[in-house]
Each structure stands twice: as C-alpha cells, then as structure tokens.
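Report on one structure; see the data block that follows.
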Amino acid sequence: MSATRGSTIGIVGAGTFGTALGSVLARAGKRVILWSRDTAIVDSIQKSRRCPRLPEAPLPEPLEATADPKRLATEARFLVLAVSSTDVRDRSRELGDVLDGSHIVVHAIGALAAPNNDRVSEVMSLGLPTLKVGCIAGPALPEDLVTGAFASMVCASAFDEVVAEARRLLNAPPALRVYGSRDLAGVELASALAGAYTIALGLCDGLKLGAGPRAVLITRAIAESSRLGGALGADAKTFSGLAGLGNLLVRSASSKSADYILGKRIADGIMTADAARTEGARACAAGDALARKHKIRMPLLSGVAAVLAGKIDPKDAAKIAGEAVASEE
Amino acid sequence: MSDRPVREAENRLERFNADREKLLAEVERRVVAHRVAQSKAGGDLSLEYVLNDVAYNEIKRLDQKGNGAADRWKDLSRRLLGMNEEEKTSELRSLVHYYGKDVVGNFDARVYKFATGIGPSILGFVFNPITSLREGMNTLRNLDARISADGDLDVVRACAERGTIVVTPTHSSNMDSPAIGFGLLRAGLPPVTYGAGKNLFSNPFISFFMRNLGAYRVDRRLRFELYKDVLKEYSTVLLEHGYHSLFFPGGTRNRSNILEKHLKLGLLGTTVTAFKNNVREGTPNKRIYIVPVTINYRLVLEAETLIADYLAEAGKNRFIITDDEFSRVGRIVEFFRKILVHEGSVVVRFGRPLDVFGNDITDDGESIDRAGRIVDPATFIRGADGEVTDDDQRDAEYTRALGRRLAAAYPRLTVFHSTNLVARALYDSIAKSAGTRDIYRLLRAPAGILGVKASDVLAELVRLRERIAQNPAWGAEHPQYMDQSAEEKLEDAIRGLGTYHTRPAVVRQGDILQVDDVKLLYYYQNRTAHIPPEGAA
C-alpha cells in the first residue's frame, strides 16, 4: 500500500465529527481509513456503509474502516485524531505504539485536556513518537459536512509540512476548505474557548436577553479570550478567525450543539448532570483556571464557570456581566 | 546497532590532518552546488547578488582601514556586472575556497600529547612566566585537581564510541574552551573540534593551542550569507565524518550569568543536516548525540566586564568584546594564581545526551520518545514512502525543539559554588530590606541597605541549601563541599569574592556583611536566578 500511503487519510475515532469528516473526504474521492476500537462500528461501516453514531452520513468507498491500529499506521501517514478530550491521553499512547517519527497527527478536539488544562497537542506529544503534530478547528459542523454545505477549517502547526499536508489532503471544495496557520497555541485555545462561550450564548438566548447583549457577549468573548491567548504565547488575531469567532458563531446557531443546548437548558432552569460533561463545559472550567493562574481578567468566562458549578444563578450572572465596569476596549 | 564495533572512545582528531583537504573539497563542492542551484530562481538568490553581498560587506568592513585591504573587493564589485554565469561560478568557487581555508582547523598530535602529557595545566605554565620552573611545575601538578568533571559520563562515553557527540556547554568565559578541553580529558572523553571566535586567536598563547588542537576559526565580523554557508557546511561535513564537535549554543559569552534560555540554533541545526545526510547515504546508524554540559566556575575571569556590559544597556550589549580581562595577560596570570588554587574551582558537568531531534536516549544510545519507547530517529526525516526528504523549515523546527530540551536540561546540571549560594542569600536579604529585587534600584540603594547582618544571611543560606536539596531540578551544590557548614560556606565565598576582582564584592565587618560591588553580587547570584524567590509559587 506504500504507493498510496501519502495520499491516504487516517481518522482516529468514528464519532460524529470523525465520521462526518470521513464522509466528506470519501465523497471527494479521497482514500480514508476510519479507525474505531469498537468492532461493531467497524463491521457496520464495512457492511452497510453507515456509522451508527452518524447514520445520515453516507460512507462510500474509498473509505474503509478498521479496528487494527497497525493497519492504520502502515497505510496512512497523515492522521486526524477525532476523539473526546478525555480520551486523548490513552488514544495517543495507544497510537504511539504503532506510529513513528514520520507520521503527521492533527487533532480536531476543541477542548483543553484534564487534569492540568494542557493544550491537546501537548498531551498528544507525550504519547506519540512524532513531533509533527497540529490541530484543525473551525466552523465545520458534522451536519454541514454531511450535507456538503460550505465548511471551512484552519490547520495550525509549528511545522509547515503539517499545514501543507492538511491542506492537500483535507481540502474537498466546495464542501470543505482548509486554511493554514502557524499559531498552534492560538487555534487550540480559540477553539476550546469557543465551546465555553457557546454555553454563554445558549444562556443569553435562553434568557431572551436580545440581539444587543448577544453582540456584546460575542465581541467581549473574543476580546477576553485574546487576552488569555496573548499571555500564553498565542496571536490575538487568531481568536477572531475561523477557530475562534467562526466556531462560536456556528456552534451558537446550531440546534445540535451540545454546548449551546446546555446553555439554553440551564437558562430554562434545568440544571442537568450534563453541566460538566460537554467539551465546552470542560473547556470553561479549564480556561477559568488558566485565567486565574495567569491573572487574566475574564469576567464572561468566570461567570459561565460559576453558573456551571452551580455557584450562581444564570440571571445573576447576566446581571453581574451587565453591571461590570467597562474599560478601554 | 552501530556500524562499527563498540570500542574505546578513540581520538578521531588524530586523522583530521589527513582528512582536511578532502573535507574542504567537500565543503566547497556542496556550497557551490547549492548556491548555483538556488541561483536559478534569480533575484536575491542570483549569483550576482550573492557575490555582491560579499563584496559590499567586505568593502564596508575593510575600507576604513585605508590600507588597500578593500581593493580586492572593490575590483570584484566593478567586474561583477560584466561577468557571465560561468565566471560568476568560478568567482564563487574561489571565494568559498578562500573562506574555507580561513575557517579550517588543524590538529597536531604532538601538541595534544604535550598538552595532555605534561598535565592539563599546560596553560597555567604558559600564563605564569614569572614563577620559577620548580614552582611552576608544582603549580601545574596541582592545577590538574582544580577542574573536575562529572555527570552521566558512562552514557556520554558510550555515545562517543557509538556515534558522534556534540558537546553543548553553557558559556561564561573565554576560559571555557580550555576548561571543557580538560573536562573532556578528565571524563575519559576524546577531544572535540569547535569554532572559536577569530578574536581569540589574537592571543598568541591561546592561539597556538587552539590552532593545533582542532579549533577552527569563526570570524563573527563576516555577516554575509556565503560565509555562514561555508561555516555551516564545514560543521556538517565534520559531523558526517565522525568528528566530535563542540558548540556553545548560547552564542557569545553569557553576560548576565543567568542560565541560557534562548539558544542560538545556527550551528546546532547542522546536526540534523548531518544526520539526514548520513541516513541518505545509507548509514542511519551513524548517530549524532547532543550532550548538554554546564561549566561552573567558583569565580569567573571576566565577571566584571560581562555584568557591566549586561547592565550598561540591557539588550544593546556589545556583540564582541575585545578589551576584557581575557586580553590582559596579567589578569589571566592572576586568574590562575588566585582562582585556580582553590580545589574544585571549575566543575564541568555532563548531562545525558539527546538525539538531534531532542529525544532522550537509552544507555546504549537508542532514541526514545517521551513515552519511553525506542524510536528510529531516521523516520523523523523520512516521507510517506520512506524516502529522505529535504525541508528546511521542518529541520529548523526540530532544532528549536532540541534547543528547548537543551535549555531545559541546564538547570538540573548546574553546580552551585559557595560564591553563588552566598551571593543569592545576600541578595535575598538586601532585596527584603530594600523591598525590591530590581538590580537598577539596588544599584542606587544607600550603603546602609547594602550592609546585612551575617546571621540573617546565614539563615537565608540554610534555607536556600535546604530548598536546593529538595529540588534536584534546580541543580545541586558542589559535590566536594556538601558537608560544609553554612558558616564555612559563607567564609569560603567571602574569601573568593574578595580575592580576585578589582575590588572585593563583599567584605565582613564584624557581624555585618557589607556589599561593595552590587553588580558582582548580582552576577554571582544570577546563577541561581531560575530558583524562585522563597515563598513564590
């Protein structure tokens, strides 16, 4: 298979995003190997060309599914890690057993990794032999990828080769376009925090605060996340790009976004056990901890973290945000 | 495993002179081929631009001398417009040859035998002309004990046997080159070749030894790209041919004495290139290992000049200092007579080697990733189909990763002398009473603030030593003096800080320690700057 190894995309994780990405790439004629630990999912894909996690996504050939990590590593040099942030550590170690220094691994995880609130690429690097890691993020919802609506993402890495390969392999216009960046820290943080602010927008809409407060919330979210990014070595501009603003706008407009749904439910007074389970909720707690550690003022994020922790009522959070003293923008 | 059987670490420099013309020819061939290939793109990469860059910089450098030294370059500049590509290539080849000859080193086995046979104290003999022969010989024998080497020596030796080592020490002093030379000898490691600033060769004594013990000349006044090409290619070719090397990744001497964090990666990057070339040539097991090393002085020869330069205008310090203590033979004599009489006054500590990508290695030199698995380093420069690929940006990023690992290794390898520990304890005491750690404020502080009760400093010192013992990642006390009491440590430091420098940095007046030179105090305490202030997170 070595002749096609360089043009094969390996996707690790047959969840909704991994499956949707595989679908759009396979429909564009690209060879995809979708890896899942769950042999039932692999069988289902091989037999019915559908994944139980996202049955509406057609998975035509040349997509193949496998539960064999060795096969994945042998047949694809470029891999996309599309698993939950809670699984990053284990999956990276597992993959690390079969990868080598030539592999390229980008993740599509919009979160920070527990327990130290590390960026996902940092956690990956602990488990993988390759140094060539990166991140893809942006307004590319699974439902848009499945229907072929215009979606765009940005790939960031310190290695130009990683970005170039992501653009070569993942570009599937008009359904998916991939931009490039060297600001890995910025893209990862912007993407993770977008999930947290999506909860805030869910709260805002659930409380029916109106278009004005919504606009203020979005712009202030970008401003405060840029501040944190700056303190962590990221480029402030990244936060108003695809991974930050782009992600926030699309997630808060989607009826399927778990973070947005969570915000709305909390606004409706339904405080569920989900409060700590979405990627956005985890990113919110992690971002809040980072802001405290680096002494960055992030009133919106802190407010959402307090609501999620059940420390304050969402209405009070909105009131506190409204009463906060404005300073220079 | 290695291409050749493991054996005693050999002195490969012994074959250097026989190899020299071959190495130079290889450098010439590669640089010319690379530049000619690049010139096809035109613009800044055209041969006309490259040659003009050389001529312009040389005229700028030499014209002010007014002795016709720039005439050759003015002539080149004039002829350049009328040259065809063939003539430009020929001119390029002759320039590369010219600079290659200027750079290339020499190794004289007789000089090496002489230097290492009489004792690693040969420099003391050279620099101490006023002592009688008998006194001199006694001093020489004793000097041998002044420089000690320790650390992960077995692993470094295994790497030197298996592949090529690149020693990458911290850089405090012009004495570093002889110090590391003796350190290698004491560690049972072979001599290394290294690039030394051309200004150092102006000292005839030092020059003699450097010239004949494998040093090559780096003229930092030559800023044009072609010269950098020659230097980098020379380093690459040396590594490919198995010559153990030394780079000071901090670049110039460390002005502040704060452990280097931001490393210069130019020459370090040649390790990736050399390894890549080895893999491409079908010898992936010719490994290259990077050895982090700290050189730890009880007192630093040029401390006064360096810290003054650092504080004079932070960020605008001079790139090349030519008028420091090192240029005055009298000060070097003082250095040898007063500083090196102290046992263990220089400790060269060798860390665990890394591969060229910054990966850790096993005891026998296999690369391991951060999860502890053995990895094949050749895969890092291979493409999808196993082919070796060229990618300058990738290689630069690998070198940055290596630089980060090296910078992270230095603190753990730091050896604290009494001078460092007491300077830190004293600085902490003063900072507390002054309410600031800011050196510029302390430089203006009244004398009253600069006098501290010895008992307070001793208490600080005890706590500092305890904290260091609990945090091996910060470094360690000098192994020979671990058992010293705080009082002994204090006395030892005051004796040291009062011995050599122009004026004593600290003097004891009864129970008061009076700081007379805050800059020097700051300099010596800076070696502990990576240790957070007490109580800080």
Side-chain angles (χ1 to χ4, degrees), chain A residues 1-10 31 73-79 89-105 118 121-134 156-165 168-169 180 182 184 233 292-295, chain B residues 261-262 265 269 271-272 275-276 278-280 284-285 287-288 290 354-362 366-406 408 532 536-537:
Chain A
M1 300 308 293
S2 63
T4 58
R5 187 171 182 252
S7 50
T8 300
I9 303 132
R31 182 162 187 264
T74 308
E75 296 186 18
R77 184 175 81 119
F78 182 91
L79 305 174
R89 207 171 299 268
D90 291 345
R91 286 300 86 70
S92 298
R93 263 196 98 90
E94 195 176 344
L95 270 181
D97 288 340
V98 291
L99 302 191
D100 62 34
S102 70
H103 281 93
I104 291 173
V105 186
D118 296 316
S121 65
E122 294 173 324
V123 176
M124 281 162 58
S125 294
L126 294 175
L128 298 173
T130 180
L131 300 180
K132 290 185 285 190
V133 297
S157 172
F159 289 87
D160 289 355
E161 183 190 4
V162 174
V163 174
E165 283 294 271
R168 181 175 73 87
L169 294 168
R182 275 193 185 167
L184 178 57
R292 289 173 200 278
K293 183 177 169 188
H294 294 277
K295 300 184 170 55
Chain B
K261 284 183 199 153
H262 302 291
L265 306 172
T271 60
V272 174
F275 177 67
K276 185 170 65 181
N278 284 344
V279 175
R280 188 175 269 134
N285 284 326
R287 300 283 170 88
I288 296 171
I290 318 299
L354 303 164
D355 75 9
V356 299
F357 307 105
N359 290 310
D360 289 321
I361 58 160
T362 61
E366 292 294 339
S367 298
I368 46 175
D369 69 10
R370 290 213 267 172
R373 288 175 296 238
I374 288 182
V375 286
D376 176 2
T379 60
F380 284 70
I381 37 101
R382 290 193 193 279
D385 297 319
E387 74 287 11
V388 175
T389 55
D390 288 312
D391 180 344
D392 291 345
Q393 196 276 338
R394 172 199 66 190
D395 295 351
E397 194 54 43
Y398 281 146
T399 307
R400 272 190 280 278
L402 170 64
R404 285 192 292 270
R405 292 299 314 275
L406 270 183

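To find a chain, count down the sequence lines: A is the first, B the second, and so on, and within it residues start at 1.
Considering only heavy-atom pairs separated by less than 4.5 Å from chain A, the leading option among Glu397(B), Arg373(B), Arg382(B), Arg370(B) is Arg373(B).
Residue contact with chain B, scored on non-hydrogen atoms closer than 4.5 Å, is absent for Ile104(A). For Arg394(B), the parts lying under 4.5 angstrom from a heavy atom of chain A are both the backbone and the side chain. When heavy atoms are compared at a cutoff of 4.5 Å, Asp376(B) does not approach chain A at all.
Between the side chain of Gln393(B) and the backbone N or O of Asp160(A) there is at least one donor-acceptor pair closer than 3.5 Å. Put simply, the side chain of Asp100(A) gets close to the backbone of Ser102(A): a donor and an acceptor are under 3.5 Å apart.
Taking the six-membered ring where tryptophan is involved, the planes of Phe380(B) and Phe357(B) are essentially parallel, since the angle between them stays under 30° and well short of 60°.
A side-chain donor from one of Asp355(B) and Ser367(B) sits under 3.5 Å from a side-chain acceptor of the other.
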